[in-house]
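For reference, the structure is listed below as structure tokens.
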Amino acid sequence: MKLQATAAAAVCLVVLLVALEMVITSEAAGCDIFQLVPCMSASINAKVTPSRQCCSNIANMGKGLPGAKCLCSLLNHPLAKSNGVVPRIALAIPQKCRIAVPKGFVCQGIRVPGS
């Protein structure tokens with residue numbers, strides 16, 4: 001089991017290193033998928049508390065609607081999908097980090113918790 005986890009982590013690292021060579025754009029200006037790397041485990045498993053770095057990176061995406069749109073657009077990114085990010089779980093991270101999101105904000109058909 002531990003060997004499989006190590007192998008999976010190695011594969012993720014290789015994918016990220018290859019992707020670093022590419023210019024990545026998103027629907028929202030200034031959104032960077034690599035800012036979500038510290039949030040990976042918290043975006044896959046709802047029982048994982050987001051790290052301080054994860055919360056800081058999400059807060060730096062912007063306050064209010066711009067930040068929420070940025071996070072939402074990144075959930076559609078191929079790297080997020082290929083690394084098993086679960087949108088419903090990832091969208092709960094701002095609330096866990098005590099980051100305000102616009103009231104009633106919906107992303108991919110999911111009402112963002114705390115909105």
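Contact of the P50 side chain with the C55 side chain is registered, since non-hydrogen atoms from C-beta on lie closer than 4.5 Å. A 4.5 Å side-chain heavy-atom check between M61 and L74 finds at least one atom pair inside the cut-off.
Interatomic distance, CD1 of I93 versus SG of C54, reported as 4.5 Å (0.5 Å rounding). Taken from SG in C107 to CG in N76, the straight-line distance is 7.0 Å, to the nearest 0.5 Å. Taking CD1 of I99 as the start and CG of L71 as the end, the distance is 9.0 Å to the nearest 0.5 Å. Note: D32 CG to H77 NE2 = 8.5 Å, rounded to the nearest 0.5 Å. Rounded to the nearest 0.5 angstrom, N83 CG and S41 OG are separated by 12.0 Å. Atom-to-atom distance recorded for R88:CZ and S43:OG is 12.0 Å, nearest 0.5 angstrom.
Hydrophobic clustering (ILVMFWY, side-chain heavy atoms < 4.5 Å, transitive): I44 and V112 are in one cluster. Cluster membership check: L65 shares its hydrophobic cluster with I110, using side-chain heavy-atom separations under 4.5 Å among Ile, Leu, Val, Met, Phe, Trp and Tyr.
In terms of modelled atom types and a separation under 3.5 Å, the side chain of K96 and the main chain of A46 share a donor-acceptor contact. Checking side-chain atoms of S56 against main-chain N and O of R52 turns up no donor-acceptor pair under 3.5 Å.
When all heavy atoms of Q95 and P113 are compared, the pair lying nearest together is OE1-CB, 3.1 Å. Nearest heavy-atom pair across R111 and G104 is NE-CA, 3.8 Å. The minimum heavy-atom distance between Q108 and C72, with the atom names listed, is NE2-O, 3.9 Å. Between I89 and N45, the closest heavy-atom pair is CG2-C, 3.9 Å.
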Run the side-chain contact (heavy atoms from CB on, under 4.5 Å) test on M40 and L36 for me, step by step, so that the C-alpha distance in whole Å, both residues' side-chain angles and the decisive distance to 0.1 Å come before the verdict.
CA-CA 7 Å; M40 188 63 67; L36 295 182; over 6 Å; no
Go through K81 and L75 one step at a time and tell me if the side-chain contact (heavy atoms from CB on, under 4.5 Å) criterion holds.
CA-CA 7 Å; K81 290 180 179 185; L75 294 178; over 6 Å; no
How far apart are the C-alpha atoms of L79 and F34, what are their side-chain angles, what is the distance that settles it, and do they pass the side-chain contact (heavy atoms from CB on, under 4.5 Å) test?
CA-CA 9 Å; L79 282 177; F34 297 107; 4.0 Å; yes
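Less than 2.5 angstrom separates the SG atom of C31 from that of C70.
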